[in-house]
Amino acid sequence: MPAASPDLRKELNGAEEDGPEHDARIFGEVTDLFLSNVGRLGDSQIAAVDGVLAHLVERVEAATVIQLSEALSTIDRAPGQTVRKLAFHEQPQVAAPVLRHSSCLSDADLLEIVKSRGQQHLLAICDRKALNEALTDALMRFGDVNVSNALARNTGARFSECGYATLVGRAERDEGLAEKLGVRMDIPGSLLRELIGKVADVVRARFLTAPRPVARQKAQNAAAAGGNGAARKAIDYTQAQNEVVALNRTGKLNDSLVNRFAVRGEYTHVVAALALKADVKVEAIEPLLEPDLVYGLIVACKAARLTWSTTTMIVRNRPNCPPSTDRELEQCVAVFESLLLSVAQWTIRFGSDRILAKKNAPAAAAPAAAGKQSRSA
């Protein structure tokens, strides 16, 4: 590493002089020198910068320090003392950037901040890319309802069983929290059952028929790896619908036959059979074959009076879908076994209305946009 430049040494040597104007000037110049040379500085030089900046952080206006916090938040070799001073700063606007992103803060630092600072500091920590169980437990102990919601939204947060139980208990009184928990990929099946049993029908229906964001990313990764990134082609279900209606009239559209459709990969018939037996439109069932809507598919199978054995075959053999994990299957069992038939039938109809409304929205928007353009012309 190159030695410190004369300019850098000069600024460091003069940084202890008194006076707010001098402090602000030195703070700005040393910050600029560090950021423009960070890739070339040695450990001793970074330590020298650290001593100056950490000393001045509390003596410079917050607006100036915020810029430093933002700049250092993504630098792996940021001066450690300075980052820690920023993280513990009483002004949450100063602390937030490093609390959200800096890799220079230890778990012990973060735990100390959780116990000693306010809710805005805790919310910033909730946005970190990864949070271990000790941190999420502490955040829930000291945090308010906004902290609980932020944690539930963070897919990189990991919860102890006690932590998850706490969140599920709070979700009974917080619809937004219930919906966030309901789509998490790591919620244990036992607690998902408890959540399903605690919340109101509409809240339950919303998260059981909503996309699961982590599952969507998993599916996109699998599609990219397997070359199946293209959207599903439009399928004509007319023939399959006619066939399942005829089978239903003769009493042959039973659980075993739907099971065989799934095993043989005849998913036009699976979709048509589910739509008929659950009494919803084919257009509402088809999207449920996507990986991120597996809960909706489980609800449709339950509403169609299928057994868990047949439901499993339908889930496992979906076209262009990555294999289900053990945890996902555990969650699917929880959904299937927690729902009464009447609740499943109401839920899939509620979800069907949402799916069809979403599909029809672009079509309705197009004529409106065209009319607006013609009027403006």
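Between the side chains of Ser342 and Trp346, no donor-acceptor pair of N or O atoms lies under 3.5 Å. Between the side chains of Thr238 and Asp236, a donor-acceptor pair is found at a separation under 3.5 Å. A donor and an acceptor atom, one from each side chain of Ser106 and Asp109, are located under 3.5 Å apart.
Ion pair Glu58/Lys85 not flagged as a salt bridge, since none of the NZ, NE, NH1 or NH2 atoms sits closer than 4.0 Å to an Asp/Glu carboxylate oxygen. Ion pairing between Asp43 and Arg77 holds under the 4.0 Å rule for side-chain N and carboxylate O. Using a cutoff of 4.0 Å between basic side-chain nitrogens and carboxylate oxygens, Glu266 and Arg264 are scored as salt-bridged.
Between the side chain of Glu243 and the main chain of His269, no donor-acceptor pair closer than 3.5 Å is present. A donor-acceptor pair under 3.5 Å is formed between the side chain of Thr250 and the backbone N or O of Leu247. One N or O on the side chain of Asn154 and one on the backbone of Arg128 form a donor-acceptor pair closer than 3.5 Å.
Here the side chains of Arg305 and Leu341 are in contact, with some heavy-atom distance below 4.5 Å. Within the 4.5 Å cutoff, the side chain of Thr268 has no heavy atoms near those of the Phe261 side chain. Contact check for Ser160 versus Thr136: no side-chain heavy atoms found under the 4.5 Å cut-off. Val258 is not listed as a side-chain neighbour of Met313, based on a closest heavy-atom distance of 4.5 Å or more. By the 4.5 Å heavy-atom criterion applied to side chains, Arg100 and Glu70 are not counted as neighbours.
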Problem - From CA spacing to verdict: side-chain contact (heavy atoms from CB on, under 4.5 Å), Glu112, Phe88 - result: CA-CA 9 Å; Glu112 189 176 344; Phe88 278 86; 3.7 Å; yes
Exercise for the section: Check step by step if side-chain contact (heavy atoms from CB on, under 4.5 Å) holds for Val168 and Leu192. Expected result: CA-CA 8 Å; Val168 169; Leu192 180 58; over 6 Å; no
Problem - Verdict with reasoning, Val294 to Ser324, per side-chain contact (heavy atoms from CB on, under 4.5 Å) - result: CA-CA 10 Å; Val294 66; Ser324 296; 5.5 Å; no
Problem - side-chain contact (heavy atoms from CB on, under 4.5 Å) evaluation trace for Ile235 with Val271 - result: CA-CA 11 Å; Ile235 297 173; Val271 170; over 6 Å; no
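Here the closest non-hydrogen pair linking Leu123 and Ala150 is CD2-CB, 3.9 Å. Shortest non-hydrogen contact noted between Val147 and Cys126 is CG1-SG, 3.6 Å. Here the closest heavy-atom approach between residue Pro322 and residue Arg318 is recorded as O-NH2, 4.5 Å. Summarising the geometry of Leu306 relative to Thr310, their closest heavy-atom pair is CD1-CG2, 4.1 Å, with the distance given to 0.1 Å. When all heavy atoms of Phe34 and Ala78 are compared, the pair lying nearest together is CZ-CA, 4.3 Å. Of all the heavy atoms in Leu191 and Ala165, the pair that sits closest is CD1-N, 3.9 Å.
A cation-pi geometry, defined here as NZ or CZ lying under 6.0 Å from the six-membered ring centre and within 45° of its normal, holds between Arg212 and Tyr295.
From Leu135, atom CG reaches atom CD of Glu133 across 10.5 Å, with rounding to the nearest 0.5 Å.
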